[in-house]
Every structure is written in C-alpha cells, then in structure tokens.
Protein chains: 2
Amino acid sequence: MKRCSGEALTARKQPRQARARLTVDAIFEATIQVLLSEGLSALTTTRVAERAGVSVGSLYQYFPQKQALLFALLQRHLEAVADAVSTICTRCLGMSLGDMSDALVKGFLDAKTQDIATTRALYMVAAELDTDELLGIIAQRNHAAIRTLLLSAKDATFDRPDAVAFTLRATLAGATRAVLERGATPGDLTALQQELPLLCRAYLVARSNPL
Amino acid sequence: MKRCSGEALTARKQPRQARARLTVDAIFEATIQVLLSEGLSALTTTRVAERAGVSVGSLYQYFPQKQALLFALLQRHLEAVADAVSTICTRCLGMSLGDMSDALVKGFLDAKTQDIATTRALYMVAAELDTDELLGIIAQRNHAAIRTLLLSAKDATFDRPDAVAFTLRATLAGATRAVLERGATPGDLTALQQELPLLCRAYLVARSNPL
DNA sequence: ACCTGAACACCGTTCAAGT
DNA sequence: ACCTGAACACCGTTCAAGT
C-alpha cells in the first residue's frame, strides 16, 4: 500500500461530462450515508462505491486516496460555516458590541447545528486527516472577519483585538464541539444556546473600553 | 475480520506475572512512540508489537482489539486531568469567585499542556473510538467537582449552577482543544493562558449574584 | 501463565481492458 | 472521457504449538 505523502489530498481531476458529475455527487452522498448509518470504522472505499452504485475504480479516478474524499467533505462544511460567519460579520459592522456578539454567536451556532448528524460525522472524520493547513486557512478567515467586526463596534474599542478575536473563535468552535461531539441531548443544545451568548458578551465587555 | 460490537473495549485480562506487566508497559510505551513519530495512520498493531519487542499475539492477549489499546491510553489521560481538576476544586472550596476561577483555569490548562505532544496524539486517537460513555463519565466527574466549587464561593451565589458548570466545562475543554489540536505556536499557548482566565472570570461574574 | 508467528478475511489502491 | 473489477500488498485478528 502506498504510504500517504501528506500531499495530494485534493481531488485528482474535475468531472468534465455530465455523467461524471453524477458519479461524483453520488460518491459524496454515499459517503455521508455510510458514515451516518455504519460509522467511521465501516467507512470503506468499497462500501462507498457500492452504495453510490459505481465501481471502486471510478471513485479513485476522482479521489486519489480515501482521505481526499473525506477532506473534500470536511472542506465543504467548514467553508459553509466560514461563509455564514463572514456574512454575519459584514451585516453587523458598526453595531453595538452586545448586538454584534449575540448575532455572531447565534449565526455560528445555527450554521453548526443546521445538520447536527453531519456535523458530528465530520468531527469524527477530521482526525483521520491531515487538517492542519485547512483548519489554518479557515481559522484565518474567521479571525479576520471577527477582528474587523470588533473594531467597528460603535460603543467600544479594543486594546488587543487579535487576542480577543483569537479567543472568541477558539471558544465558539471549541465549546460547540465539546457539546455536539458526543450525544448532545436537546437540553444540552438549549443550554449552549442560552449560555454561549452570555459568555461571549461578558468576555467582550470585560476586554474592551466603553466609549 | 470481526466487526466491532461496540463493547469489549476494556483490557482482556490483567497481567499476573512480572514478565507480563513488563509486556503491557512496553506496549503502552510503544504505542505513544509510534503515534508521535509515525502518526495515526501508521499506528499498526504489528508495528506497535514490533517496537515493543513482543509478538502480535502477546498484544492481543491483553487488548482484544486495537481500539482497546487506544481506549486504555485515552482513559489514563482523561482520568489524570479529571484528578487534577478534582484536586483543585477541593483545595479552592470557600474561596472568592475570582480566585477559584483563576485556579481552576490554570490547573486545567497545566494538566492539558504538561505533555502537549501526547495530548495532541490523544485528540487524534479519540475519533477512532466509541468514546461516548467514557467522555460522559469524565464530564460528570468534572461537572460535579466544578458545581460544588461554584456553590461554595464566599462572595457569590448562583441561580443556575448546573448551566454555569456545564458551560464552564465545555468552554475549558473546547477552547483548549481548539488551540492545541492543530500546530499551536508558543504565542497561541500564551494567548490562551492569558485570555481563558479573563473569559471565565467575566462569565462567572456575569452569571452570579454578589453577596 | 505467557509467548510466538503463520494463516485468514478484509481493506486501500492500481491498472489492463473495455465503452 | 469515463468506467470496470480482478489483482496485489498490507492490516486486524486468531489459534495451534510451544516454554
């Protein structure tokens, strides 16, 4: 078996014909289905191909390794969440600190909990991958958006905007993961939705200077 | 190959002779070494046994599946951290809210960052396992310790101690993970050590009633 | 009581052959 | 341009044979 060289996690080639695009879509869909119904340890390239109704060879035509398939899936999800964060941050420019904090927390939480099953599946998947670079890029995007947002607050200034944006991002992502990762009861989710806004508001107020 | 039944993650049998104890220790040590030097995807029972200087058969005498080995490793680490939290919480009973918050954050962070490489390795490992039950037990222990600590504060009372303990625990574990999981620079770690106490203090103050 | 290592079923990945 | 599936090296796990 070829050992992973750490690169080549991107798709091998783009589908050019309609037939090929159908194949790729079917593979994505099958991957999520197998992941949710059978679990990570049963996630086999053979099984994915079988469920997608194509041969293993076809799968490897588009994803050079099993990891590339999982990587593409994770990337899609992280970028969707980053887009949501970015949109919120743009929309809330110039608001009061409290309002932008609440909107950010709610927006992030909504994006992550829109499809909890998939989110959980992707938490599992991430460990099998070399995600340092991808997570770094996503973190940078979110950091920049949050930093700009904070600096635009109409009723406060920040001495160390980078440290605050860093902490806010790690806290949002981390606390959400800690709750969703294992079987979160509806009560756990409610608690998160109630407490996380309070947590972030209190921190931002403590870490800023009122105008 | 036998499919995992979801049970039987505990060690198959205890070593009874000194020779056997040496074998088990060597297996543990070898597992961490392989994990750190070769990565998760190269973590093979054959390779672990080889590095430990025993045969695969011996490994399977003590760990019925590869997962059981990883499970034991994770359990050891989580219990060490829970012990640290428990100790701090006992020592800080009756203190002021600010003091106990600072001590708790510092104690948790110290326990998690004592051996960052191992902590990171175990973050990877966790996804290959069915950790729901273990994480639940650890979470319960930490929750109870933190809840008791909060209620003992000499200068504050809490209306919803469970919600606050829940959030504090998820935030500590989550934010720390978010920072350590990928290549954390020394600067990231410093930022975490500076900001996390401020975050937790601000939240606890906002969520309690002064006396 | 403990250890060994060949043997088996299964998995990731490739590639010659097809349309 | 895309698809197929037999073939290969490797992995998890077992078990008969040893001390």
Side-chain angles (χ1 to χ4, degrees), chain A residues 1-27 30-31 34-35 38-72 125 128-130, chain B residues 1-27 30-31 34-35 38-72 125 128-130:
Chain A
M1 196 190 308
K2 200 175 60 179
R3 280 278 142 242
C4 177
S5 66
E7 311 296 327
L9 277 176
T10 46
R12 172 171 280 171
K13 73 178 196 184
Q14 297 300 321
R16 308 184 90 77
Q17 295 179 2
R19 175 176 55 148
R21 225 182 321 270
L22 283 181
T23 300
V24 170
D25 285 346
I27 290 172
T31 304
V34 172
L35 218 38
E38 323 258 346
L40 181 64
S41 64
L43 188 82
T44 300
T45 47
T46 318
R47 234 176 295 240
V48 169
E50 192 180 10
R51 173 95 64 134
V54 302
S55 76
V56 231
S58 287
L59 190 156
Y60 277 91
Q61 207 167 5
Y62 299 100
F63 304 99
Q65 320 157 37
K66 179 184 164 183
Q67 298 190 341
L69 172 59
L70 303 181
F71 192 88
V125 151
E128 291 225 313
L129 270 37
D130 188 7
Chain B
M1 197 191 309
K2 200 174 61 178
R3 279 277 144 244
C4 175
S5 66
E7 311 295 329
L9 277 176
T10 46
R12 172 171 280 168
K13 74 176 195 184
Q14 297 300 321
R16 310 184 90 77
Q17 294 180 3
R19 174 175 58 147
R21 227 181 319 270
L22 283 181
T23 300
V24 170
D25 286 345
I27 291 172
T31 305
V34 172
L35 217 39
E38 322 259 344
L40 180 64
S41 64
L43 188 81
T44 300
T45 48
T46 317
R47 233 176 295 240
V48 169
E50 193 181 8
R51 173 95 64 136
V54 301
S55 74
V56 232
S58 287
L59 191 157
Y60 278 90
Q61 208 169 4
Y62 299 101
F63 303 100
Q65 318 159 38
K66 179 183 162 183
Q67 298 190 342
L69 172 60
L70 303 182
F71 193 87
V125 151
E128 291 225 314
L129 270 35
D130 187 7

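Here is the naming used below: chain letters follow the sequence lines, and residue numbers restart at 1 for every chain.
At least one side-chain heavy atom of Y60(B) sits less than 4.5 Å from a side-chain heavy atom of T45(B). Annotation: side chain of R21(B) is not in contact with side chain of R16(B) (no heavy-atom distance under 4.5 Å). With contacts defined as side-chain heavy-atom distances shorter than 4.5 Å, the pair L70(A)/L43(A) qualifies.
Between S58(A) and dT4(D), a side-chain N or O to OP1/OP2 separation shorter than 4.0 Å is present. In terms of phosphate contacts, Q61(A) brings no side-chain nitrogen or oxygen within less than 4.0 Å of OP1 or OP2 of dA1(D). A close approach under 4.0 Å does not occur between any side-chain nitrogen or oxygen of Y60(B) and OP1 or OP2 of dC3(C). At least one side-chain nitrogen or oxygen of T45(A) sits closer than 4.0 Å to the OP1 or OP2 atom of dG12(C).
Look at CZ on F63(A): it is 18 Å from C1' on dT14(C), rounded to the nearest Å. In this structure, CG of L40(B) is placed 11 Å from P of dG12(D), rounded to the nearest angstrom. The distance from atom CG of L43(A) to atom P of dC10(C) is 18 Å, rounded to the nearest whole Å. Here dT4(D) presents its P atom at 13 Å from CD of E50(A), a figure rounded to the nearest Å. Between the C1' atom of dC2(C) and the CG atom of L59(B) lies a distance of 14 Å, rounded to the nearest Å. Distance NZ (K66(A)) to P (dC10(D)): 18 Å, rounded to an integer number of Å. With rounding to whole Å, Q65(A) atom CD is found 15 Å from dC11(C) atom C1'. In this structure, CZ of F71(B) is placed 19 Å from C1' of dG12(D), rounded to the nearest angstrom.
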Requested in this report: Go through the steps for V56(A) and V48(A) under the test side-chain contact (heavy atoms from CB on, under 4.5 Å), then give the verdict.
Outcome: CA-CA 8 Å; V56(A) 231; V48(A) 169; over 6 Å; no
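Heavy-atom minimum distance, A52(B) versus A26(B): CB-O, 3.6 Å.
If you check every strand for non-hydrogen atoms under 4.0 Å, V56(B) touches a base.
Distance from the side chain of Y62(A) is smallest to dC3(D) among dG5(C), dC3(D), dC2(C).
Nearest-nucleotide positions on DNA chain C for G57(A) and T46(A) put T46(A) closer to the 5' end.
Proximity of a side-chain donor or acceptor of E128(B) to a complementary backbone N or O of Q67(B) within less than 3.5 Å is not detected. Judged purely by atom type and a 3.5 angstrom limit, R47(A) uses its side chain to pair as donor or acceptor with the backbone of A42(A). Without hydrogens or angle criteria, T31(A) side chain to I27(A) main chain gives a donor-acceptor distance under 3.5 Å.
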Report task. Treat a base pair as Watson-Crick or G-U wobble with both distances under 3.5 Å, then lay out DNA chain D in dot-bracket form, 5' to 3', with | for cross-strand pairs. Result -> ||.|||||...|||||.||
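Partners of E50(B) under the salt bridge (charged side-chain N to carboxylate O under 4.0 Å, His left out) rule, at least two apart in sequence or in another chain, do not exist in this structure.
Residues of residues 16-27 of chain B having a heavy atom closer than 4.0 Å to DNA chain C, listed by number: R16(B), Q17(B), R19(B), A20(B), T23(B).
Atoms CG and CD, from L129(A) and Q65(A) in turn, are 9.5 Å apart once rounded to the nearest 0.5 Å.
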